[in-house]
Structures are given as structure tokens and as C-alpha cells.
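What follows is a short report on a single structure.
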Amino acid sequence: VSEGDLHATIAAIWRIESPKLIAGLSRMLRDVGRAEDLAQDAFVSALLQWPDEGVPRNPGAWLMTAAKRRAIDQIRRDDTIQRKSEQLAHELSSSEAETDFASAHEEIDDDVLRLMFVACHPVMSKDAHVALTLKLVGGLTTAEIARAFLVNETTVAQRIVRAKRTLSEAHVPFSVPAAADRVARLASILETIYLIFNEGYAATAGDDVLRPELVEDALRLGRMLAALMPVEGEVHGLVALMEIQASRMRSRVGPAGEPILLLDQDRSKWNRLLIQRGLTALQRAERLACHPLGTRKALGPYALQAAIAACHARASAPEQTDWERIAALYDALAQLAPNPVVELNRAVAIGMAFGPQAGLDIVDGLREESSLRAYHLLPSVRGDLLFKAGRTDEARTEFEHAASLARNSRDRTFLLERASRCRSTC
Amino acid sequence: MKFISILTLDPADAHPHASPETIERMGRLIQEMRAEGALIDTGGRSTDMMELSVTRENGRTTVTDGPFAESKEVVGGFALLDAKDRAEAIAWTKRFLDALGSNATCYLHEVSPTP
């Protein structure tokens, strides 16, 4: 085995084992920051020892033992909290603790879940949630996070140090929040995972930078969370949404980097495995919505968006799309979280299902909406509906207006082309 | 990256019934791998094992019944893995063989997605 192979091996083991390692240490030490430092030290020991001694048979347990040994040393040296330290050191060195990693599976799962809640604790900023979640739960290195977000490694390192300090100063307990807080705190975990996903996903169509790895990391975090909180419908909803969106990664950008609209995509390029996973996750969310164990009685916003994405995924050709169902789902989404952008999407679906005039009726009601005044998609959608209604003169004006509002050159070019096509039909 | 892992067992070691501990250990690992998306599908050899080979040679297809007495190993099962890289596929496979706990070999083949 070459040295490069060994480093890849250790990196893979780290990705698989580090969340459990950090989570277990956090519970024992009641200090996530310290747990992460100790896990990191154990990783460095592995990098030094494994090339000579070989990879141990149970690498997770090896890392845990190495980290605990350092923890005991540190605690013994630390005389400011003497009595508590002795007790902790005793707990850590007891034979029961030694077998923790190999046997206490449910406990480890609970620890990983606690770690997710702590990493997304409201005392920290959203940036900190993202960095900590990727570092502590995703098993990414600081350098990998920096590369993924196109920022300096020092910036990420500082962000993580600050976040860990904030956690320790606020005495954030290492626990899953009580039922009263859980929904709001879970929302913050879901938001963090979706932010990570979108950072990777949006980049694939935006500025020629491909960052599909963040998409994979977000998918893995979402799947882990779904296994840890199987009765939370919105977790499955988010997983479903991400899997189905990710299934279109290869078909949403053309050879020159231009975005390809959903209805124009080559559907044979959609990833069937991800679609299947997404539909299964959506089914779980739907079953939970009418199950006594489920925590909500109807689909939440992530599950509704996933259900919309699923309508497209199920259609083998654009003309087979169930637009009536999509319109109804947007309606449900608009009632849950009223939002002019959702309303605009609903107008598109209504237009497809019941004809352009029905869509225009909704869009015309949005023209006074101040939050959409500078949003190029409003005139763009209106232009499309007018074009389909045969009102090409008005459509051209709308497309030209939309082009003047578009923020990137690709969108602008696309809209100006549509405007000129209106002229040729006149 | 996707990999097909073919598990083969030493015939002397290939007991038709695994112990409850082994089944529990494997079940837990399979659950963990599925949860992370590392495992797409897996299956063990069925007990009323059917073995046959379908061969195409010079335009003719022939079907031959097993079992293949001459082989030194028997197929014990398969797994379809989705891993970040080769090292991760190997790391999971090592854990799988540890959970299995008997003499066995996994043949890992990387498979490329349909173009």
C-alpha cells in the first residue's frame, strides 16, 4: 500500500468515524470544542502511527481510545476543577467506557443527534452553523470547507474557533432540546443542511464553478438526520427535496455553461437512483403526515416543495406533467408560508394547467407587490403567459423589461432572445 | 463512485445459517451504511441456491446449470456501494468483512454510470 493510498484510507476512516468520535467525546466531556480538539489530536496520532503499525482492525475504537487517553492526561493536569476532573477521569478510564464505541450503538446515535443540535444552536450565526456542522458532523477538514466555500482557510478556522468559544461561554448543554423548543431548533438544522446543499447546487449553474461535493455532503447529513429522527416528517421532506433536485445536476447546465430550464432538460440524464431515493423519502413524509406518531398533521414546506419536484420527476416527458397537482401543491405552500415568489410559481402552474389567462389573473395581482418590483422573473413569467395568450406586443415589452432587471448576462441574453422572437411572430 | 462488491466464501466456512449475533452485527452495519447513502442495495445468497451461467460464444447463447464443483469459493452475496472514493469503498468493505467475522473475500468492481 503506497503512502497516498494510506492517506486516502485514513481520510475515508475519518469521514466515517469522526462524527461518532466527536459526539461520544462531547457527551463525556460536556464540551464540544474540547471534544473536537481531542478527536483532531487522535487523528494526528493515527497519521503518525498507522503508516508504521498498519491500520488497526477497528479504527473507530482505536481513535476513541487514543482521544480518551489524551482527555485523561489533560484533565489530570487541569487542577482548577480538581474534584470534577477526578470523577471525569475515573469515568473515562472505567472499563465500561472502553467498550463504549464497540457496543453502545443507540447511545452513539443519540450523541450524533445531540451534536447536530449543538452545531446549529441559536447562539451562533448561520455561517457558524454551516461551518460547525460540516466540521463536526460531516467529517470535513477546515481546508475542505474553505475550498468548498471559496474562502481562505484561516477565515474558516477562525470562524470555527469563535463558534466553539461562543458555545462554551454560553454553556450550551450537550443535549437534544425539550419538546417545546424542538420544532424551532430542528428548523435551524434543516435550514443549515439546505444552505449547504444550495451552496453546492446553485454554484453548478451560476459562475461555472462546480461544487457538487457540498451537494453530496448535504445529502449525507440529511440522510443521517432522517435515520436519527425517523418520525419527523419535515426531515424526510428535506431529504426528498434535495435528492430530487440533485437528480437533475447533470442536465441543468448546457455545454457552454448556460442554464437549461426544467422543461427543456434531457430527462434521460436525470439520476434515477436519486429520484428513487427522493420518492421513497417523500413517501415517508406523506405517511407520517397522517400517522399518529408523526409530529405534524400535514406536509410541511420542505415536503410540499419535494412533492412539487416529484411531479416533475415522475413525468417521463414535459407534456405528462401533472400541472393541476403542482398548482394545488403551490396553493398549499402559499397558505403555509405566504410569499409572493411562491405565488408567482403558482401562477406558472395555474397557467400550464388551466391556460394562460388563469395564470395572468394571478400575476396581474402581483404587479403592485413591492418586494417583486426589481425581480426579473415577474415580467418574465408575465411575458411568457402573454406570449402564450397571443398578445405578442405586450409580451415583448415584458421580456425587454425583464432583461433590464436580470442580474447576470446569461439570463439577460436569454430574455432578449425571447423578446426578439415576439417581434418575428408579429 | 459506485462499486459492486461480490462476497465469496471459503466453501468450508460457508454455513447456511449465520449466528444471531452475526445477523445482528450485519444488520446494524447495513442500517448504518444505508442511512448514510453508502449502500444502494445488498443481498445474501439464498438458501435454496440456484446457480447457472449464461454464456454467449460465437453468436450462440448457452445456459449451464450449477453448482460449479470446481470452484474454490462460493458466492455469499453482493453489495452495490455508493462511495466518495476508492478508499471509502474499501473502508466500508473492511467493516463489512469484520461484521461477517469469517474467512471471506470481497471482490470490488468500480462501475461507471450510464452515459
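B:L7 CG to B:R45 CZ: the interatomic distance, rounded to the nearest 0.5 Å, is 9.5 Å. The distance from atom OH of B:Y107 to atom OG1 of B:T93, rounded to the nearest 0.5 Å, is 13.5 Å.
By the 6.0 Å contact criterion, CG on B:N58 is open, its count of non-hydrogen atoms from other residues, nucleotides or ligands being 12 or less. The environment of A:E53 atom CD is dense: over 12 non-hydrogen atoms of other residues, nucleotides or ligands sit within 6.0 angstrom.
Residues of residues 95-105 of chain B having a heavy atom under 4.5 Å from any heavy atom of chain A, listed by number: B:R95, B:D98.
Contact of A:R57 with chain B is made through backbone and side chain together, with heavy-atom distances under 4.5 Å. Residue contact with chain B, scored on non-hydrogen atoms closer than 4.5 Å, involves the side chain of A:L273 exclusively.
Here the closest non-hydrogen pair linking A:A218 and A:I196 is CB-CG2, 4.0 Å.
Under the salt bridge (charged side-chain N to carboxylate O under 4.0 Å, His left out) criterion, B:K94 pairs with no residue at all, not counting sequence neighbours.
Checked for salt-bridge contact, A:K20 and B:E32 meet the test: a charged N lies under 4.0 Å from a carboxylate O.
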